[in-house]
Each structure stands twice: as structure tokens, then as C-alpha cells.
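Below are the C-alpha cells for one structure; questions will follow.
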There are 2 protein chains.
Amino acid sequence: MVIEEVPRRRADAVTETAATGRALPHPDREHIRLESVLHALSDPMRLQIVRELAAKEAELTCSQFDLPVTKSTTTHHFRVLRESGVVRQVYRGTAKMNGLRRDDLESLFPGLLDSVLAAADRQAARLGDTGRVPADG
Amino acid sequence: MVIEEVPRRRADAVTETAATGRALPHPDREHIRLESVLHALSDPMRLQIVRELAAKEAELTCSQFDLPVTKSTTTHHFRVLRESGVVRQVYRGTAKMNGLRRDDLESLFPGLLDSVLAAADRQAARLGDTGRVPADG
DNA sequence: GATCTCGTACGATGGTCATCGAAGAAGTCC
DNA sequence: GGACTTCTTCGATGACCATCGTACGAGATC
């Protein structure tokens with residue numbers, strides 16, 4: 001289980017209080033498996049997360065996503081995304097920032113992420129579904 | 001469940017004895033879901049099938065694939081691929097021909113299949129793995 | 001330090017899935 | 001018709017997975 005500590009760049013606007021102790025295990029770029037990525041993206045909830053992440057083009061906290069599931073389930077989905085190599089998670093104080101691993105994915109599987117995102121957009125448009133689940137009531 | 005009978009072209013070298021009674025349910029193009037396609041492709045066995053199918057650029061019978069699983073399991077995987085809309089299956093006598101639904105997928109999700117196939121090739125090359133599972137013994 | 005927010009960990013649950021083996025159905029060939 | 005090939009169907013099984021609720025941990029704020 002050779003997993004890096006994820007130092008690598010991305011240490012520019014990060015405050016000192018961030019990433020103090022809690023380190024999150026990420027797969028190294030070379031350990032990202034296509035099957036795992038596809039599996040991660042094949043869940044509607046996770047695909048939705050990735051779409052929002054790509055649309056915002058910024059790091060978002062877990063709680064900024066308006067998912068129709070509990071916090072536990074949200075944690076689960078983010079972990080699947082992280083462990084498959086799709087997102088990078090970094091603690092910033094009590095919040096956990098989530099960022100798409102565009103560079104790594106692009107390097108490993110050129111065009112794949114964009115194809116999937118475009119496909120998701122097309123399908124959402126086609127089905128008149130933005131991916132958002134309507135509130136009950 | 002509006003599912004076509006799959007007549008559509010591809011009726012050129014087909015003998016009359018083929019496709020007599022047994023019809024296989026395929027999702028109509030508009031019913032193909034991205035999540036299902038990604039899920040179908042996220043299984044190593046099925047990804048391997050799709051890769052071979054794409055490489056050969058021809059319709060292949062189920063038994064032409066050298067998969068390290070039993071026939072039952074093979075049937076299962078081909079059904080998942082068919083029901084997700086990735087492959088088209090047609091009976092030809094006792095054999096069942098499998099063809100990639102390139103046109104449908106390309107129309108729905110442009111570039112997606114090629115991205116996945118390219119990604120699979122890259123990964124196979126990178127891991128020194130052709131996707132083929134070594135025979136035990 | 002008390003409290004609040006944000007996320008984690010654990011156990012449980014119901015569902016899906018990949019796999020197998022055995023028995024059967026459909027077509028072809030002698 | 002009988003044997004052979006090809007794929008299916010069924011039941012079983014063990015694994016994984018999405019989901020929840022509750023309890024907890026780590027920072028931030030007052």
C-alpha cells in the first residue's frame with residue numbers, strides 16, 4: 001500500500017492552520033485505475049458531485065453540495081471519489097476542500113473526464129434534468 | 001418498456017435461419033443512460049470484452065472471447081453490456097453475435113467510447129497488461 | 001473551556017452484483 | 001432423430017455497496 005502523503009504543489013493560498021495533522025490517503029497518479037474511476041463516476045450522486053466540481057472550477061467543501069443524502073453517505077461518496085483518484089481532498093480547518101484531479105486524470109486518460117462531463121451535460125439537457133433532485137414536499 | 005425489435009440495417013450477410021424467433025431486448029437509443037454505460041464499462045471483464053470488440057471491429061460470438069470465467073458469468077456480462085446499450089446482440093443460428101453500438105453511443109455521448117478505449121489502451125500499456133488474464137497453472 | 005460547525009467512524013440493513021454449477025433450450029450436422 | 005455446439009436460466013453464495021443513525025473528533029469562535 002504505497003500511498004503518498006500528497007505534498008506536491010498546490011500550497012499557495014493555503015493557510016498554515018490547514019493540513020496540520022489530518023492527512024487523507026490519496027492514490028498516487030500511477031495507481032489510479034480506469035475501472036475505479038469509471039466505477040466512481042457511474043453513481044448518479046457522485047457524477048453529480050463531479051459535475052458541480054467541474055462547473056465551479058474551484059475547490060468546494062463537502063457541505064456546499066446539496067445532496068439528498070445524509071452526511072454519512074456524503075462522506076462515503078467523497079471517499080470513493082478520493083480513493084479512486086477523481087478528487088483531491090485537503091483539510092482546511094474544519095472544512096474539507098474538494099478539488100477535481102484534472103491534471104492527473106488528463107495525464108493518465110486524456111480527454112476522458114471532459115468526455116464524461118460533456119456526456120453528463122448532454123444527458124441532463126436531453127432529459128430536462130439538471131441532475132438536481134427535486135425537494136420533496 | 002418501448003424496446004425496439006432491432007431490425008435496422010445489418011441484414012446483409014445474415015442467413016434466413018438467423019434471428020428467426022429469439023429476440024433480445026435492447027434499450028432504445030434514447031433510453032441509454034450514461035451511468036449505466038459507465039457502470040457497464042467499470043468491470044474489468046466487460047471492459048476487456050469491449051476492448052476486443054473495438055479492436056476487431058467486427059461482430060464476435062460470445063465464445064470467441066477467452067474470458068477466465070464460466071459460460072454463465074460470460075452470459076451475465078454480455079447481458080449487462082447489452083442492457084446498458086453498449087453492445088448489440090443478434091442471434092445467428094446457435095451463435096450470438098456481439099457488436100459495439102458505436103453509432104448510438106457516439107450520437108449520445110460524442111467521444112466518450114473512444115476516450116475510454118484509449119484510456120484502457122494506455123493503462124494496459126502502462127501496466128504491461130494487455131488485459132488478458134494469465135492462465136493459472 | 002463551552003459551544004458550534006464540519007466531517008469521521010461504526011454498526012446495521014437492504015440491495016445489487018459477480019461468480020459458480022447444473023439443467024435446459026435452440027440450431028446445426030450427420 | 002441423435003449428437004454436438006452454443007448460449008440461457010435458475011438457485012445459491014459471498015462480496016460489495018448505498019444508505020441511515022448515532023456517537024465521536026478536530027477546529028473555530030466566543
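The sequence lines fix the lettering, A, B, ..., with proteins before strands; numbering per chain opens at 1.
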Whole-Å distance, R79(A) CZ to dC17(D) C1', equals 11 Å
Just the rounded figure in Å: distance from P of dA26(D) to CE of M97(A).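 M97(A) atom CE is separated from dA26(D) atom P by 21 Å.
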Students often get this wrong, so: under 4.0 angstrom with heavy atoms, is T75(A) touching a base, only sugar-phosphate, or nothing? base
Nearest whole angstrom, please: distance from the P of dC6(C) to the CG of N98(A).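 Spelled out: CG on N98(A) to P on dC6(C) is 14 Å.
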Can you give one letter per nucleotide of nucleotides 12-23 of chain C, going 5' to 3': B for a protein heavy atom under 4.0 Å from the base, S for sugar-phosphate only, - for none? -----SBBBBB-
Report all side-chain donor-acceptor pairs from residues 115-124 of chain A shorter than 3.5 Å, counting only partners two or more places apart or in another chain.
{"unit_1": "S115(A)", "atom_1": "OG", "unit_2": "G111(A)", "atom_2": "O", "d": "2.9"}
{"unit_1": "S115(A)", "atom_1": "OG", "unit_2": "S115(B)", "atom_2": "OG", "d": "2.8"}
{"unit_1": "D121(A)", "atom_1": "OD1", "unit_2": "R51(A)", "atom_2": "NE", "d": "3.3"}
{"unit_1": "D121(A)", "atom_1": "OD1", "unit_2": "R51(A)", "atom_2": "NH2", "d": "2.9"}
{"unit_1": "R122(A)", "atom_1": "NE", "unit_2": "L108(B)", "atom_2": "O", "d": "3.1"}
{"unit_1": "R122(A)", "atom_1": "NH2", "unit_2": "S107(B)", "atom_2": "O", "d": "3.3"}
{"unit_1": "Q123(A)", "atom_1": "OE1", "unit_2": "L34(B)", "atom_2": "N", "d": "2.7"}
{"unit_1": "Q123(A)", "atom_1": "NE2", "unit_2": "E35(B)", "atom_2": "OE1", "d": "2.9"}

Would you check if the side chain of H26(A) reaches a backbone N or O of R88(A) as a donor-acceptor pair within less than 3.5 Å? no
The criterion is side chain to side chain contact (heavy atoms under 4.5 Å, CB included); which residues satisfy it with K56(B), sequence neighbours excluded? E52(B), L60(B)
What does T74(A) touch in the nucleic acid at a heavy-atom separation under 4.0 angstrom: a base, only the sugar-phosphate, or nothing?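 The answer is nothing, as T74(A) stays clear of every strand by at least 4.0 Å.
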According to salt bridge (Lys or Arg N to Asp or Glu O under 4.0 Å), does anything in residues 76-87 of chain B pair up with another residue at least two apart or in another chain? List the pairs.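 Of all non-adjacent pairs touching residues 76-87 of chain B, none passes salt bridge (Lys or Arg N to Asp or Glu O under 4.0 Å).
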Roughly how many Å is it from CG in L67(A) to C1' in dT19(D), rounded to a whole number?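 Rounding to the nearest Å, CG of L67(A) and C1' of dT19(D) are 13 Å apart.
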Which residues satisfy the ring pair (Phe, Tyr, Trp, His ring centres under 6.0 Å) test with F78(B), sequence neighbours excluded?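 Checked F78(B) against ring pair (Phe, Tyr, Trp, His ring centres under 6.0 Å); matches are F65(B).
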Expressed in angstrom and rounded to an integer, what is the separation of Y91(A) atom OH from dT5(C) atom P?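 One finds 19 Å between P of dT5(C) and OH of Y91(A), rounded.
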Please enumerate all residues that pass side chain to side chain contact (heavy atoms under 4.5 Å, CB included) together with H77(B), with sequence neighbours excluded. D43(B), M45(B), R46(B), I49(B), T73(B)
Could you tell me how far apart I49(A) (CD1) and dA18(D) (C1') are, to the nearest whole angstrom? 12 Å
Whole angstroms only, please: what is the CD-C1' distance between Q89(A) and dG7(C)? 10 Å
